[in-house]
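All residue numbers refer to positions in the sequence shown, counting from 1. Just so it is clear, the structure is predicted and the values come from calculations on it, not from any experiment.
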Amino acid sequence: MSGVRLNKFLSHNTRYSRREADRLIEEGKVQVNGKQVTDFSYRVEPEDKVVLNGRVVRPRSMHEMTVIVYHKSKGELVTKRDPRGRKTIYDSLPGRFAHFVPVGRLDFASEGLLLLTDSPRAADVLMRSGLERVYNLKIRGSITPAMEKAMREGIRIKGKKGAHEKSGIEEMEFAPFYAYQILKNEPNYSKIRVAIGEGKNRELRRFFAHFDREVLDLHRVSFGGISLNNLPKGKSRFLTQREYDDLHAFIKAYHEERT
């Protein structure tokens, strides 16, 4: 099926979320080729002219994007709003980033680097990529030879230990870690730095829970070569020019591989 759904087209090329785009379509504020469209399933073709509130919406290249680094604190949710009223990252971020979407997630108890962008398409590419994610972890107990073997070779696990209580995923496969460095290995607790290329939900907590090890602290320090450096918790920064250049080069290569 060709074309892009109208609500997706709007969320990719304006500041509105998919849900907000649905509302605008329903309210009759969207025209395609001079005709009002209220059909959510309408698919936008490259030659179509889409107008929102009297202004033409032009497809935006993923290279026309803004990306920020945010240092997430423990106790924040990576979501727009929480029905239980818990704090979200958007409570800490400046209002001008309210429409930015996160590149993946960090769970409530985790902290560290989170990328956000105003390009949902770029966010999707980065989430699906094998770019290196680096984490510092503190775990209860020692690091065993069996754990090191699984980090080197990969492993498939069954069960939901370490998963969110509402998770329906009963089985998970872990690719070999890109790298790991044991910083401290003692019976009471250990520290380790790991580099992985996936971003599955609570992946590292489930990995170590399989070996009956609880992750006490999880701190992401870099993603795709973009690092926190000295950014304080609860603060954000724009990418440097070099970071943008590297990101653009990666996205270009990613698309060339798939065309």
Side-chain angles (χ1 to χ4, degrees), residues 17-19 67-95 97-117 120 123-124 126-129 131-141 147 157 159-174 177 180 183 189-224 226-237:
S17 67
R18 191 84 61 91
R19 186 174 298 175
V67 181
I68 63 170
V69 176
Y70 174 65
H71 192 162
K72 177 191 173 301
S73 301
K74 287 184 180 180
E76 288 184 330
L77 290 170
V78 183
T79 185
K80 285 283 186 182
R81 56 187 65 85
D82 177 50
R84 293 163 55 183
R86 290 173 295 177
K87 186 178 181 181
T88 78
I89 60 170
Y90 294 96
D91 293 323
S92 300
L93 284 164
F97 300 131
H99 64 290
F100 277 44
V101 294
V103 177
R105 294 285 188 270
L106 283 172
D107 64 46
F108 188 74
S110 299
E111 59 188 351
L113 182 146
L114 186 68
L115 298 180
L116 296 102
T117 176
D124 186 59
L126 295 174
M127 280 188 283
R128 294 172 183 273
S129 75
L131 286 171
E132 182 181 80
R133 289 97 155 147
V134 179
Y135 300 83
N136 288 337
L137 298 102
K138 178 181 178 181
I139 66 171
R140 193 185 304 280
M147 294 160 65
I157 65 172
K160 295 172 63 175
K161 287 197 295 185
H164 189 277
E165 59 184 12
K166 294 183 179 179
S167 174
I169 300 173
E170 298 282 351
E171 190 171 321
M172 186 174 281
E173 184 170 358
F174 297 85
F177 288 17
Y180 70 91
L183 305 174
Y189 74 89
S190 301
K191 291 184 177 182
I192 185 170
R193 171 172 286 199
V194 303
I196 60 176
E198 301 174 303
K200 297 173 184 175
N201 183 259
R202 295 176 70 89
E203 179 177 16
L204 290 171
R205 294 187 187 278
R206 294 184 70 158
F207 177 90
F208 287 101
H210 175 72
F211 297 96
D212 297 318
R213 296 294 187 269
E214 179 188 0
V215 174
L216 302 173
D217 290 304
L218 186 153
H219 195 142
R220 183 157 64 197
V221 295
S222 74
F223 187 119
I226 299 170
S227 301
L228 274 176
N229 298 327
N230 297 317
L231 185 67
K233 291 180 183 178
K235 299 297 182 181
S236 58
R237 69 170 176 86

[X] side chain to [Y] backbone, donor-acceptor under 3.5 Å:
| X | Y | value |
| --- | --- | --- |
| Lys200 | Glu173 | yes |
| Asp107 | Ala109 | yes |
| Ser190 | Gly141 | yes |

Rounded to the nearest 0.5 Å, how far does [atom2] of [Y] lie from [atom1] of [X]?
| X | Y | atom1 | atom2 | answer |
| --- | --- | --- | --- | --- |
| Leu114 | Leu106 | CG | CG | 5.5 Å |
| Ile226 | Glu132 | CD1 | CD | 12.5 Å |
| Lys233 | His219 | NZ | NE2 | 6.5 Å |
| Lys72 | Phe108 | NZ | CZ | 7.5 Å |
| Leu183 | Ile192 | CG | CD1 | 7.5 Å |
| Ile157 | Glu171 | CD1 | CD | 9.0 Å |

Find out whether [X] and [Y] are in side-chain contact, i.e. whether some heavy atom of one side chain is under 4.5 Å from a heavy atom of the other.
| X | Y | value |
| --- | --- | --- |
| Leu216 | Glu214 | yes |
| Leu93 | Ile68 | yes |
| Tyr70 | Val78 | no |
| His210 | Phe174 | no |
| Glu111 | Lys74 | yes |
| Ile89 | Leu116 | yes |
| Arg105 | Met127 | no |
| Glu76 | Asp91 | no |

Pair Tyr135, Arg220: side-chain N/O donor-acceptor within cut-off below 3.5 Å:
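A donor-acceptor contact under 3.5 Å links the two side chains.
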Between Ser110 and Arg205: side-chain donor-acceptor atoms closer than 3.5 Å:
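Looking only at side-chain atoms, Arg205 and Ser110 do form a donor-acceptor pair, the distance falling under 3.5 Å.
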Can you establish whether the number of heavy atoms outside Arg237 located under 6.0 Å from its atom CZ is more than 12?
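Enclosed.
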Taking everything shown except Arg128 itself, do over 12 heavy atoms lie less than 6.0 Å from its CZ?
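No - once you tally the heavy atoms of other residues, nucleotides and ligands closer than 6.0 Å, there are 12 at most.
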Please name the pair of heavy atoms, one in [X] and one in [Y], separated by the smallest distance, quoted to 0.1 Å.
| X | Y | answer |
| --- | --- | --- |
| Phe97 | Tyr90 | O-CE2, 3.8 Å |
| Ser73 | Gly234 | OG-N, 3.9 Å |
| Arg140 | Arg213 | O-CD, 2.9 Å |
| Glu203 | Met172 | CA-SD, 4.3 Å |
| Ala123 | Val101 | CB-CG2, 3.8 Å |

Option passing side chain to side chain contact (heavy atoms under 4.5 Å, CB included) with Ser227 (candidates Leu231, Asn230, Asn229):
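When Leu231, Asn230, Asn229 are each tested with Ser227, the side chain to side chain contact (heavy atoms under 4.5 Å, CB included) holds only for Asn229.
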Using the six-membered ring wherever Trp is involved, compare the ring planes of Phe211 and Phe207 and label them parallel, tilted or perpendicular (cut-offs 30° and 60°).
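Judged by the thresholds at 30° and 60°, the geometry between Phe211 and Phe207 is tilted.
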Kindly determine whether Val67 and Val103 satisfy side chain to side chain contact (heavy atoms under 4.5 Å, CB included), including the steps that lead there.
CA-CA 10 Å; Val67 181; Val103 177; 6.0 Å; no
Can Asn136 and Lys191 be said to form a side chain to side chain contact (heavy atoms under 4.5 Å, CB included), step by step?
CA-CA 7 Å; Asn136 288 337; Lys191 291 184 177 182; over 6 Å; no
